[in-house]
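Read through the structure below, which is laid out as C-alpha cells, and then see the notes.
As the structure is a computational prediction, the values presented were derived from the model and not from experiment. Within every chain, numbering begins at 1; the chains are lettered A, B, ... in the order of the sequence lines, protein sequences first and strands thereafter.
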Amino acid sequence: MKKISILVIIVFCSIYTAHSQELLLYRWVPSDSVKGNWGQNLSHWMHFYGAFGFVTPINQNVGSEIYFGKASNWELGLRYKKRITNWVAIGGNISYDFFNYRIEQNTNKTMPDTLFYDKQKILLHNFSLSPYIRFNFGRRGNKIGNYLDLGIFYNIVLGSAEKQRNTPDGLDRVKNKNLPYITHDYYGFYANIGIGRWVIYGKYNYSAVIIGNPIYNDIAPLTIGLQIGFF
Amino acid sequence: MKKILVFIFLFNIGFSSISCLSAQDSYWVFFTDKEDVVFDPYEYFDTKAIERRIKNDVPINHPTDWPLNETYVNTVSSIVDSISGHTRWFNALAVLASEEQIEQLRNLYFVKQIESMDYYSVLASKKGCDRTFEYYNQRRRQLDILGRKDFEDGGFNGKGIRIAIFDGGFPGVNTSPAFEQIRNSNRLIDTWDFTKNKDFVFYSISHGTEVMSNIGGLIIRGNDTAQYGLATGAEFLLAKTEIKREPYSEEKNWLMAVEWADKNGADIINSSLGYTKDRYFRSDMDGQKSLVTRAGNMAARKGILVVNAAGNDGENIWNIIGAPADADSVLTVGGIDPSNDCHISFSSYGPTADGRMKPNVCAFGSTIVANPDGYEINVQGTSFASPLIAGFAACALQANPNMKTMELFLLIEQSGHLYPYYDYAHGYGIPQAKYIITKQKGNVQKTFEAEFNGNMGNENLMIKILNFTTPSIGESSLMYIKYIKIDGTIGSYQIIQVSQKKFAMRLYDTIEDDNMIKVVIFYDGYIQEINL
C-alpha cells in the first residue's frame, strides 16, 4: 500500500512538472511540408457544396408546364476533383438533389390531373451521382480558378410526392406519396461555369422523369442555378 | 434532337462567357538584347544611387540598368493594344494583348520569351484588432524591444538613409502631424502611383500611412512625444503599388517600383506584400520561381536592402511565406505577439520550399500606429513588423555607413536576440540595437542545465534553470527548443513559457523519429545541444 502511495505521488508530481510550463508554440516540420497531394489545384481536392436553382420553362411540354420562379431545385453534395494537368481535371459528385416542381394551373394541364388548385407541386428526392470533366482557364497557383465542368448525372429517385392545396373537393391540403408516374431513376447532362467557389450550373434531364401514363407529358427538363463550394 | 440543341446552346453560353473573360490579357514580353541603346548613369540615377553603387562595389554602368531598345519597344507597341510598363532589369515590356497578337510577337526575332501575367492577391493587409492594449506602453515596447534607447543614445535615427515604401496608399502623409517633421525638413523625396501613373499617392487605403508611421512616425505635442518607428530622421520615397487593402494587384507594379526606388537612390525598401496561392504553389516558394523574388534578389545585388513582411498566412492552408519573402537576399520579417513575445498566430512560417530558413528576424506583429488623422490605433499583421525592422535597418546603416548591404543584412541577423539559435517562426529573433553598435553580445553565461532522464521510449528532458526568478506579470521567460534532423534541418521546434526552476519534458514522440539527431535549447542567451 505504501509503495502504491509513493508511486501515485511520483506519477502525480511528474505529470505536474511536465505540464506546468505553458507551451506557446509547437511546430512539426515534415520534409514534404511544401508539397502534398491535397489542395485546390493539387492532385486531389474534395469539398462540400450547396446549390439552389430554378426549373426553367425552356423546352417544357404542354400539359405539364411548371410555374417559373416557384419551381426550384436544392442540392447538397460532396465534390471530388482529380487533377490531370493544370488545365484539365476529372471528378465526380455525390449529392442529395431535391426538386420542387410547382405545376402551372392552366387549361392545358393534364399532368398529374386536369383539376385546378391554388397550389400543386411534385416533389422529388434524389440521390445523385455525377461524374464530370473540368476545363480550367487562366494561369493560377493552388487555386480552383475559372473553369467549365461538363458532366452527366444519374439520379435515383428516393421518394416522390404530390402536394395539393385548396383542393376543389374542400380539403385544404392533400399529399400523395410514391407517385406511380415518376420514374425510379433518370439521367441527363450538366454544365458548371465556376469562378472560385461560385458556380452557375445548368442541368438537363435527358431521360423522362414522368412515365407510366401515356397522356402525361414530361416535366420541364432544364434547371439553372447558383452553387457555392464550401472550402 | 431539340434537347441536344438546347444543351449545346447552354454550353456555348458557358464557353463564350469564359472566353470573353480571357480574350485579352497582360503579358511580359522579354527581349533578347539591348543593342544600340544609349545610357548615361549620371543622368539617370540620383546621386545617392551612384553613391550606394560605389559603396557596394556595384558597377555604375551595368546592362541591367540600360533602357530597353526603342526599336523593339516601338515594334511591339505597333502590334499590341497597349503597353502598361517595362522593366530594365529583366529587359521586358508589360503589354495588354490578345492571343493572336501574342502569336505575332513570338515570331519577332528579338523576343526571347513571353509570360502571362495574371492578377494575383497580395498580403498588404492588416487584421482587425480583437484585443485592447495600453497603447502608450505598447508603442514604447514595440521600439524598446529593438533597443530604441541604444540607437537614441548613439544619435541614430536613420538620418541620411533613404527608405522606399511600396504599399496601397498613403492618405494623410501630406497632412498628418505624425509626418510633419518629415514634410518640414523636405525628407519626402519623391512619390509615384504605379497603379495610375501619376505622382499623387496621398489617397486610397491607409495601410501605407500606417506602415510609414512604424518606420518614421513622430508626433510632438508640447512636452509629449509619441514615436512610432525608429527612423524618424530618414528620407522617404513612396510608391503606391497596390489597389486596395486585400487587393488583386500585379507583380508588374512591384517590379517597376523597385527599379524606380533604385533609380531614386533608395537604401532600403519596405514591402508589406506577398504573392501566394493565386499564382503559385507552396513548392514554388524556392527563391527562384517568381519574378518579384528574382527582382528582390536583384535589388540586393544593386545594394538595396529589401525588407519584406513574412505574410499573414500562418493560420491558413498556405501557411508559409510568400514571394518575394522567399528570396534569399530579402530580409523577411515575421511577427511576434506583444503579450508574450512569441510568434503571433497569423505570421507565416518558414522554411522556404528548398529548406532555407525564413523568416530572418521578427518584430511585433501587433503595433501602435498613427492613422491618417494622427490618432493612435492598434493594427495587426506582419505588414507592421516589417516597417519596424526597416526603421531599425535605417538606424543600423547610419551607425555603419560604410557597411555593404549584405554585410548589413548579416549584421541584423546576428543582432537577433536568439542568434545563433533560429527557428522557422522567429528566424534569429528580435534584432538588438546594442549589437549593431557594439558588435558584441556580452558574456554568455550558463542559464540552465538540461539532460536526459528515463527509459528508452519514455525519455524525459530534465531542465534546471539556474538563478531562477519568477517572471513578473507581463515579463516573458521563454525557452526555445528545436530538434535537428540528420540533414541538419529542423524537424520540429517549440517554445515554452518557463515558470518553474525545475521541470521535465517528455520527448518520446520526437525520439521515435530516427531522423532526429539532436536537440538544441535556447534560454536567456545560453544554448545547449544534446545528442539523441
Side-chain angles (χ1 to χ4, degrees), chain A residues 13-36 38-42 56 58-59 135-150 188-196 200-207 218 221-222 224 231, chain B residues 2-4 6-7 10-11 13-15 17-19 21-22 25 116-118 120 276-286 317-320 337 340 342-343 349 351-353 355 423-425 460 478-479 485 487 489-500 502-506 515:
Chain A
C13 289
S14 65
I15 290 170
Y16 178 73
T17 54
H19 295 285
S20 58
Q21 316 304 312
E22 188 184 354
L23 181 66
L24 299 179
L25 176 72
Y26 179 81
R27 288 279 292 178
W28 181 261
V29 190
S31 55
D32 62 347
S33 63
V34 296
K35 291 174 185 167
W38 285 89
Q40 291 184 25
N41 191 23
L42 296 179
T56 72
I58 297 171
N59 212 25
F135 302 98
N136 265 99
F137 302 89
R139 279 183 74 174
R140 72 202 192 282
N142 190 18
K143 292 262 290 183
I144 282 286
N146 306 327
Y147 53 88
L148 172 70
D149 293 344
L150 300 178
F189 306 102
Y190 72 97
N192 294 335
I193 299 165
I195 298 174
I200 295 171
Y201 73 91
K203 48 189 169 188
Y204 192 90
N205 301 340
Y206 193 71
S207 70
D218 200 11
L222 181 67
I224 291 176
F231 55 83
Chain B
K2 195 177 170 188
K3 289 177 178 180
I4 291 172
V6 170
F7 193 65
L10 279 170
F11 280 5
I13 291 172
F15 270 119
S17 57
I18 284 183
S19 58
L21 288 173
S22 56
D25 219 335
S116 172
M117 180 172 48
D118 285 345
Y120 323 111
T276 56
K277 63 177 183 291
D278 285 302
R279 185 179 185 185
Y280 299 111
F281 295 94
R282 283 156 52 97
S283 55
D284 292 336
M285 297 299 107
D286 59 357
I317 291 172
W318 180 269
N319 204 249
I320 63 168
D337 190 331
N340 58 17
C342 179
H343 172 269
Y349 296 92
T352 60
D423 63 33
Y424 299 144
N460 285 335
L478 304 182
M479 176 169 281
K485 292 195 292 188
D487 62 1
T489 59
I490 300 174
S492 68
Y493 55 97
Q494 63 191 94
I495 289 100
I496 56 172
Q497 175 97 49
V498 176
S499 53
Q500 284 179 305
K502 285 182 182 177
F503 57 95
M505 293 177 57
R506 288 180 184 159
N515 283 324

Original post:
Minimum heavy-atom separation for A:Phe135 to A:Leu150, with atom names?
Top reply: CE1-CD1, 4.0 Å
Subject >> Part of B:Asp487 lying under 4.5 Å from any heavy atom of chain A >> reply: neither
**OP:** Walk me through it: do A:Val29 and B:Thr489 pass the test side chain to side chain contact (heavy atoms under 4.5 Å, CB included)?
**Re:** CA-CA 9 Å; A:Val29 190; B:Thr489 59; over 6 Å; no
**OP:** Among the options B:Asn319, B:Asp286, B:Asp284, pick out the one with the most heavy-atom pairs lying under 4.5 Å from chain A.
**Re:** B:Asn319
Original post:
Name the one of B:Thr276, B:Ile320, B:Ile317 that satisfies side-chain contact (heavy atoms from CB on, under 4.5 Å) with B:Arg282?
Top reply: B:Ile320
Subject >> Sub-4.5 Å side-chain heavy-atom contact between B:Tyr493 and B:Tyr424 >> reply: yes
Original post:
Looking at A:Ile200, A:Asn41, A:Leu24, which has the largest count of heavy-atom pairs under 4.5 Å with chain B?
Top reply: A:Leu24
